[in-house]
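In what follows, every chain begins at residue 1, and chains take the letters A, B, ... in the order their sequences are listed.
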Number of protein chains: 4
Amino acid sequence: MLAKAKKPKWERKAEERPGALLEAALDVFTRQGYRAARLESVAEAAGVSKGTIYRYFENKEDLLKRALQDKVDVKIAHAEAALQEIRGGADVKLRYILDRYWKRAMEPDWGRFHRLMFGEIASEQPLLFRFWIEKGTVRAWKLIEDIIRAGQAEGAFRKDADAQGIAQFALSGLTHQAYLKMHLGQRGSGVCPPDRIFASSFDLLITGLKPKTPAGKNHD
Amino acid sequence: MLAKAKKPKWERKAEERPGALLEAALDVFTRQGYRAARLESVAEAAGVSKGTIYRYFENKEDLLKRALQDKVDVKIAHAEAALQEIRGGADVKLRYILDRYWKRAMEPDWGRFHRLMFGEIASEQPLLFRFWIEKGTVRAWKLIEDIIRAGQAEGAFRKDADAQGIAQFALSGLTHQAYLKMHLGQRGSGVCPPDRIFASSFDLLITGLKPKTPAGKNHD
Amino acid sequence: MLAKAKKPKWERKAEERPGALLEAALDVFTRQGYRAARLESVAEAAGVSKGTIYRYFENKEDLLKRALQDKVDVKIAHAEAALQEIRGGADVKLRYILDRYWKRAMEPDWGRFHRLMFGEIASEQPLLFRFWIEKGTVRAWKLIEDIIRAGQAEGAFRKDADAQGIAQFALSGLTHQAYLKMHLGQRGSGVCPPDRIFASSFDLLITGLKPKTPAGKNHD
Amino acid sequence: MLAKAKKPKWERKAEERPGALLEAALDVFTRQGYRAARLESVAEAAGVSKGTIYRYFENKEDLLKRALQDKVDVKIAHAEAALQEIRGGADVKLRYILDRYWKRAMEPDWGRFHRLMFGEIASEQPLLFRFWIEKGTVRAWKLIEDIIRAGQAEGAFRKDADAQGIAQFALSGLTHQAYLKMHLGQRGSGVCPPDRIFASSFDLLITGLKPKTPAGKNHD
DNA sequence: TATGAATGAGCCTTCATTCAT
DNA sequence: CATGAATGAAGGCTCATTCAT
């Protein structure tokens, strides 16, 4: 008990260093691309020297994997945490969760991360890519799907809608739009501003999910 | 007769070389990524030696640019050609065009091409990327948008829908789903099969666009 | 006799081609340097294609050798021809021949030729270089030396002067000065203009060669 | 004790590397020519591997420039240092300084250095070449010129001699002769041995500079 | 343990040379 | 015989990785 508290400085350091490296690596890789990025840039960004990387990671690929793993874990944890807090009807929940996603997707680092994942990791680290999709994306789909299902159960949404397909389609629509925004900026001719994209997407979704003839209300 | 069958060390095919190289380059670049691809692989794929590339292209970057340009031109030409042939109401047109897009997007080379574009070209050749988006993607959006507008004019679609926003959202939804399919395959747990994705996406779109109280039917 | 006159065109061409190539090669090599020059440049300058060079020359080195050999032969022939035409005393002859040399050395192609010889040929083709020196330079020295000796015999130059050493030194002085002029131009600060260099060089030479106590004048 | 004598794969000599590389580069470049020299040869000569060069120099050209700059600086510094130590009349000074120059010029590395400068640098690095000429050659000319002028002021040399022109001519004569010696060796037929060249050159110079009628002595 | 000098495999590019046409 | 497309060895440069300090 006593001995445990007496952690030498360098040991703590050794624990912390990988964190800084992981962060730096992710930042550099997402900005410059995995292959294009030099390990020296990562070291510099982390404030350590090139050689130090090899104390904590086997090689460049290992650094990539661990950095992504780390990020994926964090992202998923965050998402999970924020999930069940919402109260309200299915449409309220849906708006809340999609709005949240859209806002996050508008941040620059989100776009860079996705570019890395879809561009290089998808082909060079397929297992990792799939892991990320399954732990992150698929889970998000599921979430939306569940909300839709709940809505159907409530009678707020029409029962013949394919909850799963629609959830996936809708989230993909937002994801890809966000992705394009990063590369094109707002100005591109013929490109909707973010707010309108979200508004019309959500409008389509809600309208498309509404019961055709709102049973109860029709009679009254 | 027997002796005549001598095999030349190489053949003189100045006319076909550039095209073959362009094709080989695109194939190799989309499969391996631009940076990761060695020029020697391209040469090999085209059945020539490394040096030959430099007779027709200035350098690796030039080869990339021209290969993409070429592809983009071809794609756009194809799309343009097939556009106006469709007859029928807005909903028929919409189904036809989206179905076409979806089928194309299910082909493996489409996915690889997109991965290259969104992964490396977007960051390393931004001008080329934007050109592609503007000539290809934005034009496709426009097409969908116009069909929706026509449907609104006909009374087939509700007038308060944001044609532009919905068009972009919908096409992005399909694009991104197709993209994921390439990497995940059909089997992934929790992943809808292609047909269902398309069906439910189209269903959402049509349902979401329908007039709230279909004028004629209301009276009956 | 009849048959000989009927020389087909291509046969004449074949004879002429090497001449044009030789000239082009020398021009290109002297301008760009032997190693830096591409054979394609030579071909282009000669108005033929790359492959044609190999019909007449074994390889790049052979082309260089033959082009130089050719040039050396021509230069020497020219020099020899113009040598014995001069009449007059030793000092007149000396002025004539050095003036001639200086004027030639001021022409740009002379400088380029020397740069090639002293820069690359001297180390890469030592035998050829030596041949050139012996056939050209040494012969020129000899010529000056002989004129000085003649002057000594006439009593115009002092007898204790080392005719050979002085001849070589003097010609080298002019050669090197000409060489520098090519690279520095006239403007360089602290650099004498060509005319003054020649005038003062010749002045030094003549003055330095004059008998210490000019016989006739001694008596006065 | 025995086990300790382990030979490391390489040694860490950050301080000495640049200097050693500079030296090796100059040696290799002057021997093989700049373009002909492979960077690997330079590395080998310096006892390091190819890649190490790039830690200290940007590229081949940078290495060349810095090696030359370095050499020029050293040469000029040496020359400057040894200048003003000489005492005596103008003729003594002149002999001293020319003798010194001649001896230096007889050393093999001097010749190789000049071949590089005049052969390749003059055309490929004109600015550097001009810098060298101005800092080195022109300054040396000036020195000789000043000595001649001093001699003229003292009455040791005739006043109507063109000090500048003669200084340049004389130094060029020695320079070029030294240059030829390197390539021809002593043996060449019709080529004066070094000592005689210097002796006769100096003799011509002194004799050519002496006052025509040594004023004082004439009257007595 | 951290550093960064040193290594060397790898890849783009050039160009002398060959050879199908 | 002339052409110029094709070859492939060579060399400059980069950077992941190793290792002396």
| query | For Gly51(B) and Ser49(A), take the nucleotide of DNA chain E holding the closest heavy atom to each; which residue's nucleotide lies nearer the 5' end? | reply |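 Taking each residue's closest nucleotide, the earlier one in sequence belongs to Ser49(A).
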| field | Of Lys9(D) and Glu58(B), the one whose closest DNA chain E nucleotide lies more 5' | value |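 Looking at the nearest nucleotide for each, Lys9(D) comes out on the 5' side.
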To the nearest Å, give me how far apart [atom1] ([X]) and [atom2] ([N]) are.
X        : N       : atom1 : atom2 : result
Lys60(B) : dG12(F) : NZ    : P     : 21 Å
Tyr34(B) : dC11(E) : OH    : P     : 14 Å
Arg35(A) : dC11(E) : CZ    : C1'   : 11 Å
Leu39(C) : dT18(E) : CG    : P     : 11 Å
Glu40(D) : dA9(F)  : CD    : P     : 17 Å
Glu11(D) : dT18(F) : CD    : C1'   : 16 Å
Glu44(C) : dC15(E) : CD    : P     : 13 Å
Asn59(A) : dA16(F) : CG    : C1'   : 9 Å

| Quick one: does Arg115(D)'s side chain get under 4.5 Å of His183(D)'s, heavy atoms only? |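 Yes, their side chains come closer than 4.5 Å.
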| Tell me, do Tyr56(B) and Leu22(B) make a side-chain contact under 4.5 Å, heavy atoms counted? | no
| field | dA5(F) base / Arg12(B) side chain donor-acceptor hit below 3.5 Å | value | no
Applying the Watson-Crick and G-U wobble criteria at under 3.5 Å, what pairs with [N]? Answer none if nothing qualifies.
N       : value
dA16(F) : dT7(E)
dT21(F) : dA2(E)
dT13(E) : dA10(F)

Report the nucleotide, chosen from [options], that has the shortest atom-to-atom distance to any side-chain atom of [X].
X        : options                  : result
Lys50(C) : dA9(E), dT13(E), dA16(E) : dA16(E)
Lys13(B) : dT13(E), dA6(F), dA16(F) : dA6(F)
Tyr56(B) : dA6(F), dA5(E), dT7(F)   : dA6(F)
Val48(D) : dA16(E), dC12(E), dT7(E) : dT7(E)
Trp10(B) : dG4(F), dT13(E), dC11(E) : dG4(F)

| Should the pair Lys60(D) and Tyr34(D) be classed as cation-pi, given the thresholds of under 6.0 Å to the six-membered ring centre and 45° from the axis? |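 Here Lys60(D) passes the 6.0 Å and 45° test against Tyr34(D).
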Would you please confirm or rule out a distance under 4.0 Å between OP1 or OP2 of [N] and any side-chain N or O of [X]?
X        : N       : answer
Tyr54(C) : dT17(E) : yes
Thr52(A) : dT3(E)  : yes
Arg17(D) : dA5(E)  : no

| Given Phe29(C), Phe118(C), Trp132(C), the one that forms ring-ring contact (aromatic ring centres under 6.0 Å, His included) with Phe113(C) |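 That would be Trp132(C); it is the only one of Phe29(C), Phe118(C), Trp132(C) passing the ring-ring contact (aromatic ring centres under 6.0 Å, His included) with Phe113(C).
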| Note: Arg35(C)-Glu124(C) ion pair, threshold 4.0 Å (strictly below) |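 Here Arg35(C) pairs with Glu124(C) in a salt bridge, since their nearest N and O are under 4.0 Å apart.
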| said: Any salt bridge linking Asp70(C) with Arg66(C)? Criterion: basic side-chain nitrogen under 4.0 Å from a carboxylate oxygen. | reply: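 A salt bridge is absent here (no side-chain N lies under 4.0 Å from a carboxylate O).
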| request: Determine the contact category for Ala37(C): base if any of its heavy atoms lies under 4.0 Å from a base atom, sugar-phosphate if only primed atoms, P, OP1 or OP2 are that close, otherwise nothing. | output: sugar-phosphate
| message | Heavy-atom nearest nucleotide on DNA chain F for Arg55(C) versus Glu61(A): which residue maps closer to 5'? | response | Arg55(C)
